[in-house]
Protein chains: 4
Amino acid sequence: MDTKEHIMQVSMLLFSEKGFETTTMRDIASKADVNLALINYHFGSKEGLLKNIFQQRALNIQFHIWEIANNKSIDELEKIHQIIEHYVAKMFTNQEFHKVMLRELFSSEREEVHADTIAIFSENANIIIEIIKQGIKKKIFNKVDPELCFATIIGTIHHLMLSKLLRENIYGGKEKKDPILDPSFQKRVTNHIKQIIENHLIPPLKIKSI
Amino acid sequence: MDTKEHIMQVSMLLFSEKGFETTTMRDIASKADVNLALINYHFGSKEGLLKNIFQQRALNIQFHIWEIANNKSIDELEKIHQIIEHYVAKMFTNQEFHKVMLRELFSSEREEVHADTIAIFSENANIIIEIIKQGIKKKIFNKVDPELCFATIIGTIHHLMLSKLLRENIYGGKEKKDPILDPSFQKRVTNHIKQIIENHLIPPLKIKSI
Amino acid sequence: MDTKEHIMQVSMLLFSEKGFETTTMRDIASKADVNLALINYHFGSKEGLLKNIFQQRALNIQFHIWEIANNKSIDELEKIHQIIEHYVAKMFTNQEFHKVMLRELFSSEREEVHADTIAIFSENANIIIEIIKQGIKKKIFNKVDPELCFATIIGTIHHLMLSKLLRENIYGGKEKKDPILDPSFQKRVTNHIKQIIENHLIPPLKIKSI
Amino acid sequence: MDTKEHIMQVSMLLFSEKGFETTTMRDIASKADVNLALINYHFGSKEGLLKNIFQQRALNIQFHIWEIANNKSIDELEKIHQIIEHYVAKMFTNQEFHKVMLRELFSSEREEVHADTIAIFSENANIIIEIIKQGIKKKIFNKVDPELCFATIIGTIHHLMLSKLLRENIYGGKEKKDPILDPSFQKRVTNHIKQIIENHLIPPLKIKSI
DNA sequence: AATGAATGAGGATTCATTCAT
DNA sequence: TATGAATGAATCCTCATTCAT
C-alpha cells in the first residue's frame, strides 16, 4: 500500500515534531492529504498507527547491533567503536523515528508501546553490556561499570536528539545553526564518544618507562 | 497561599508521571482535592500553572552551579567533580521536577516554556563548558571537545531519568528493582561520571616514569 | 442468488439479536463473510435490506390467517382456536423474524417500514376482530370487546417474545432455563390463550340443570 | 437541580419517541436548550442519563404493587383487580417512561440497564403470580396457569403501548384517532382485562340452578 | 478564596455509502 | 458479481475555560 506507507511517513514526522498526544488525527489527515476516516480504516486507531510505525522500524536496528556483537574477527574495543558509529549514524539519519522512539521510551502513557520499546532497547543494552564485560574478563578493559558505560554512550547521543533549539544554542557555534544535518558534526560526535569511552575502558599507558 | 503551593506540588507529580498534555485539570483538581475552577483562578491557565512551577524551582539550580564555578579556591577538575556531584544529587532527590523539566526540554509544544527552559539550561551548559575551556587553556585538561563533554555528563544523568521500567531492566540488577531511591546507586552514578570524565580530561601519562 | 439469501438470513439474525441501528453493515459483512460493499450492491442500502427481509416473509403469515377465516366448515370459536395455534407456532418457530417485526411495530424510526408493518398487522387484526364480531352477532359469543380480545391474544404472545432473560426469570421454572425451544411450553402457551379467550367469549353457563 | 430534571424530562420524551440509539446527544441538547457538554457533566454519559431516568422512576412503581399485595382486608380477586387498575393507569399517564422501559425490556443492548429492568419487572411479576397461586390454594380461583395469567395481563397492556399508528388503526374507531389520551379508553381497557381475567380465574358455574 | 454549573471548541472514532477496478 | 480503498457526515465525549454566586 502506497497510501498506508505515506500516512506512516507523515505521522512519524508529526509525532516527532509535536508528540503523540498533541498531534491530532486531523493534523495527519490534512498533512498527508487523505481522508480522516482512512487512517482508522488502515490502522484501526491512532495508537494502532503508532504501533505500526514501531513494528516496521524497530527490529532492523536491533539486527545490526547483534551482527557487530557476533563478529569474531574483531576485538571488544573495535566492537564498541563500531556500535557507537552505527548508533550515531542511525540516530542522525533517522531522526524522526528516533525522536518518536525516545518519546515512547520516556513516556509511559501508552503502556504497551512503552513496554515494547523498553524491551527492544534493553536487549540492545545487554548486548553492549556483555561486550564490555567480556573485555573486562579478557583484561583488555579496565574494571569499569558496564551498565553505566552503556548509559554514557546512549545518553550522550540521546541528549543531542532532545531539542533543535538546544543544539543551536550549545552545539551550533557562533551562528547558532542546528548542526544535525552537518556531516562533520556527526563525525565529531562519533569521535568524542569513541575517545571518551576508550580512555575509560583502556588502561592509560601502564609501563611508560625508559 | 498554602493551597497554591499544594496545587503546584500535586500537579508537578502528575506532570512528571503522565506528562503535561495527558494530565487534565480534572486530574489535578481531584488529586489535590480542590475545586476545578480554583486552579484557573490561581494560575490563569494550565500553562500558567506549569510556568509557575518552573519559575519557583529553576533558578536555584542555576545558582549553585554558578557558585561552584566562581569558587576560586578549587581548580577546574575539582569544579567539574563538584558540579557532577551536585547535578546527580539534585536529579535524584528532585526527580519529579526534573522529569517535568526534561519533558519541556524535549518537547517544543509550549514554545515559551520550552525556550525558557532551554535558556536556563544553556546558561548552565556554558558555565560548565567554560570551565573545561579554562582547564584546557591552563593545560590541566587535554584538548577535548568541551561542548560534547557537557553532553556526556548531562546525557548520562538524563538517560537514567528516562523511565522507571528502563532502570529496573538495565540497572536494577537481578531483582529488577528500580535503584533510583537507593543511595548507593546515586554514589555509583556519581563515581562513574567523575571517572569517565576525568580519564578523558586528564592526560593519561602523569608521572609514569622512573 | 444464494449469496443474497445468505445475507438476509444472517442480517435477520443480527437484527433480531441486537436491533437494527445497533447492527452495523460491518457486523453483517463479517458474520456473513461477504464484502461490505456487496450488501449495498444487492440491497441498495441498509434499510433496503430490511425491507427485502419483510417483503419476503410478511405475506405468507397473512395468507394462512385469511385461509382459516374463510374456512366455512368450522365455527367462529374453532377459527379463533386455530388462529391462536397458528400464531403461537409461527412465533416460536420463526423467532428471529418475529423479533425483527415486533421491533419495527414498536419503533417508528424507519417510517416506511413501520407503516408497512402496521398495515399488514392491522389487516390480520381486522380478520380476527371480524370473526369475533361475527360470533357475537350469531350469539355464539358474549358481548365482548372484539378489539381488545385481539390485543389480549397477540399481547400475550408478544410478551413472551420480549426477552430471553425475562423468559428465564418468569417462565423458566426453578432452573431458569429459557423455555422457548421446549415444545411443551409452546403447547402450554397455546392452551392458556385458548382457554382464557374461550372462557371470556363463551357464556359461562353451559349446563343449565333443573 | 432544575436543569438536571429538565434534561431528564426531555430525553425521556425523545427516547420514548425515537429510541435510545436514534436519539443523539445533540437532539437532547437542542430540545432541552442546554449545552451539549452539560449533559455529560451531569450524567457522565448518554447511558448514564438513561440509568438516572430509571433509578428515579422505577422504584415507585414497585412500591404500590407491593402495597396492594399486602392489603389484608381484600381478597385475591380484588387484589388482581386493583393491580390491573393501577398498571393501566400508570402506563397511560406515564406513557413516555413506560415506552422507554418497554424498550429496555425488549432490547438487551445495554446489558446492565436491561438486567436491572428485568429484575424490577420480575419482582412485580412474582408478586402477582403469588397472589394467583394463593387464590388457587384457597380454591377461590380455578387451577389456571399463574405465570401465563400474568403474561396476559401485562401483555395486553404493553401491546397497547407499542405504537401510536397501531392504536389509531385498530383501536381508534372510524376516525382513527389515537385513543390513548381518552379517559374512556383507559376505562375500557381496564374493564376488559378485569373481565377476561375474572372469567378465567373464577369457576363459571356458581349456583345457576333452581 | 472558593464553588457548582455551564460553555464552546475540538478530540478520536464509527457509520453507511460510493468509487474504481 | 465482487472487492479493497476511500469518503463525508455524524457519533459520543473530553477538554480547558468561564460565569454567577
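All values below come from the heavy atoms of this structure, side chains included, with hydrogens, waters and symmetry mates left out.
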Between dC13(F) atom P and Leu38(D) atom CG, what is the distance in whole Å?
14 Å

Are the side chain of Ser122(B) and the backbone N or O of Ile118(B) linked by a donor-acceptor pair below 3.5 Å?
yes

Main-chain N/O of Leu13(A) paired with Ser16(A) side-chain donor or acceptor, under 3.5 Å:
yes

Rounded distance (Å) that lies between atom P of dA1(E) and atom CD1 of Ile39(B):
15 Å

Interatomic distance, Leu38(B) atom CG to Ile28(B) atom CD1 [nearest 0.5 angstrom]:
12.0 Å

In whole angstroms, the gap separating P of dA5(F) from CG of Asp33(A) amounts to 19 Å

Donor-acceptor pair, side chain of Asn52(A) and main chain of Leu49(A), under 3.5 angstrom
no

Rounding to a whole Å, what distance do you find between His6(B):NE2 and dA1(E):P?
17 Å

Determine, for Phe43(B) and Lys51(B), whether the Lys NZ or Arg CZ falls below 6.0 Å from the six-membered ring centre while staying within 45 degrees of the axis.
no

Which whole-number value in Å describes the distance from Phe43(D) CZ to dC12(F) P?
15 Å

Flag the pair Glu21(B) and Arg110(B) as a salt bridge only when some basic side-chain nitrogen lies within less than 4.0 angstrom of an acidic carboxylate oxygen.
yes

Before accepting this row, confirm whether a basic side-chain N of the pair Lys164(B)/Glu17(B) lies closer than 4.0 Å to the acidic partner's carboxylate O.
no

Taking only side-chain nitrogens and oxygens of His42(A), does any of them come within less than 4.0 Å of OP1 or OP2 of dA6(F)?
yes

Once you round it to whole Å, what is the distance between C1' of dA16(F) and CG of Leu14(B)?
16 Å

Contact string for nucleotides 15-21 of chain E, one letter per nucleotide 5' to 3', B = base within protein heavy-atom range under 4.0 Å, S = sugar-phosphate only, - = neither, reads BBBBB--

Expected output: side-chain His114(C) to main-chain Glu109(C) donor-acceptor under 3.5 Å:
no

One would report the end-axis bend of the helix from dA2(E)-dT21(F) to dT21(E)-dA2(F), five pairs per end and rounded to 10 degrees, as 20°

dT14(E) P sits how many Å from Lys18(C) NZ, rounded?
13 Å

Contact under 4.0 Å: Thr3(A) side-chain N or O vs dA5(F) OP1/OP2:
no

Judged by atom type as modelled, is there a donor-acceptor pair below 3.5 Å linking the side chain of Ser11(B) to the main-chain atoms of Ile7(B)?
yes

